[in-house]
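Below is one structure, written out as structure tokens; comments come after it.
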Amino acid sequence: MKPAMRFAISDLRQRPEFFDTVADRIWQAWWKADGHPLDYISSRLRENMSAMTVPFALVAHDDGAFLGTASVIASDLVERPQFTPWVAAVWVEPQARQRGIGAALVDRATRDCFALGFSRAYLCARPQRTPYYERLGWTSIERNVGQHRLSVLIQDASPETGNISRSPP
Ligand SMILES: CC(C)(COP(=O)(O)OP(=O)(O)OC[C@H]1O[C@@H](n2cnc3c(N)ncnc32)[C@H](O)[C@@H]1OP(=O)(O)O)[C@@H](O)C(=O)NCCC(=O)NCCS
């Protein structure tokens, strides 16, 4: 068991000093290899800084030390344009992994979707990452979508409370 790590989760709009680091990590993890410039990600991320609702980005941090990020965006899968919103771009710094920070970021992003009035949140994941999200209470509704054979997962708000309704064990 790894020791717990002290961290807080903030909206990036409240902690703009992390903007460049979040853009860098999203670019390195998902866009650089395809030849997209960092500026492309920065300008897309900048949309998160002004939106009143979706999109928005979260940042996990220990005071001024960046630990991870997650975003909520309107559309994440071109094959499924009818679904919105999506929890996306979940990233935890390598040295901070396996301490529950990824789970906390996903949980906070999902709760924020429900607090905005959405009754269902979506997430897409590569096959090897799908069990991780299922353990966090997400339900797979489709597999092998698109060229990356992504799974589509959902989490529903419970109608009474607006809280996450987890599948029975
Ligand atoms: C995927 C990712 C975000 C997970 O972040 P994380 O902070 O390590 O996630 P968690 O700590 O919540 O969970 C990771 C594992 O550690 C375990 N864990 C959580 N707290 C723990 C603790 N205190 N001690 C030991 N293990 C722990 C979890 O049970 C989980 O195990 P599992 O994978 O068997 O379910 C991170 O690995 C990452 O950034 N990867 C690269 C980017 C990526 O692939 N993003 C996902 C795109 S879909």
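Please read these numbers as outputs of a predicted model, since none were measured by experiment. All ligand and atom numbering here is 1-based and tracks the order in the structure.
Contact annotation for K2 and ligand 1: heavy atoms of both the backbone and the side chain come within less than 4.0 Å of the ligand. At a heavy-atom cutoff of 4.0 Å, ligand 1 is contacted by the side chain of R129 but not by its backbone.
Scanning all heavy atoms of the two residues, the minimum distance from R6 to L67 falls at O-CD1, 4.0 Å. The shortest non-hydrogen separation linking W86 to V152 is CH2-CG1, 4.2 Å. The heavy-atom pair separating L123 from V106 by the smallest distance is CD1-CG1, 4.4 Å.
The shortest N/O to N/O separation between V92 and ligand 1 falls below 3.5 Å. Note: an N/O pair closer than 3.5 Å links Y132 and ligand 1 by distance alone. Polar contact with ligand 1: present for A103 (N/O pair, distance under 3.5 Å). Looking at ligand 1, you won't find any N or O of A125 less than 3.5 Å from one of its N or O atoms. In terms of polar-atom proximity, defined here as any N/O pair under 3.5 Å, Y133 makes no such contact with ligand 1. At a 3.5 angstrom cut-off on N or O pairs, R126 does not count as close to ligand 1.
Judged by distance alone, with hydrogens and angles left aside, the side-chain atoms of Y133 form no donor-acceptor pair with the main-chain N or O of S140 at under 3.5 Å. With hydrogens and angles disregarded, no donor-acceptor distance shorter than 3.5 Å links the side chain of R80 to the backbone of D76. Listed for the H148 side chain is no donor-acceptor partner under 3.5 Å among the backbone atoms of L150.
A cation-pi arrangement, defined by a distance under 6.0 Å to the six-membered ring centre and an angle within 45 degrees of its axis, is absent between R25 and W30.
The heavy atom nearest to atom 3 (C) of ligand 1, considering only V90, V106, L150, is found in V90. The option with the heavy atom closest to atom 6 (P) of ligand 1, from among Q128, Q98, R99, is Q98.
The aromatic rings of Y122 and F83 lie parallel to each other, with less than 30° between the two planes, well short of the 60° mark. Classified by interplanar angle (parallel below 30°, tilted 30° to 60°, perpendicular above 60°), the ring pair F66/F18 is tilted.
At least one heavy atom of W30 sits less than 4.0 Å from an atom of ligand 1.
At the top of the distance list for atom 41 (C) of ligand 1, counting protein heavy atoms only, stands R97 NH2, 3.5 Å. The nearest protein atom to atom 11 (O) of ligand 1, hydrogens excluded, is given as G100 N, 2.6 Å; this is a heavy-atom distance.
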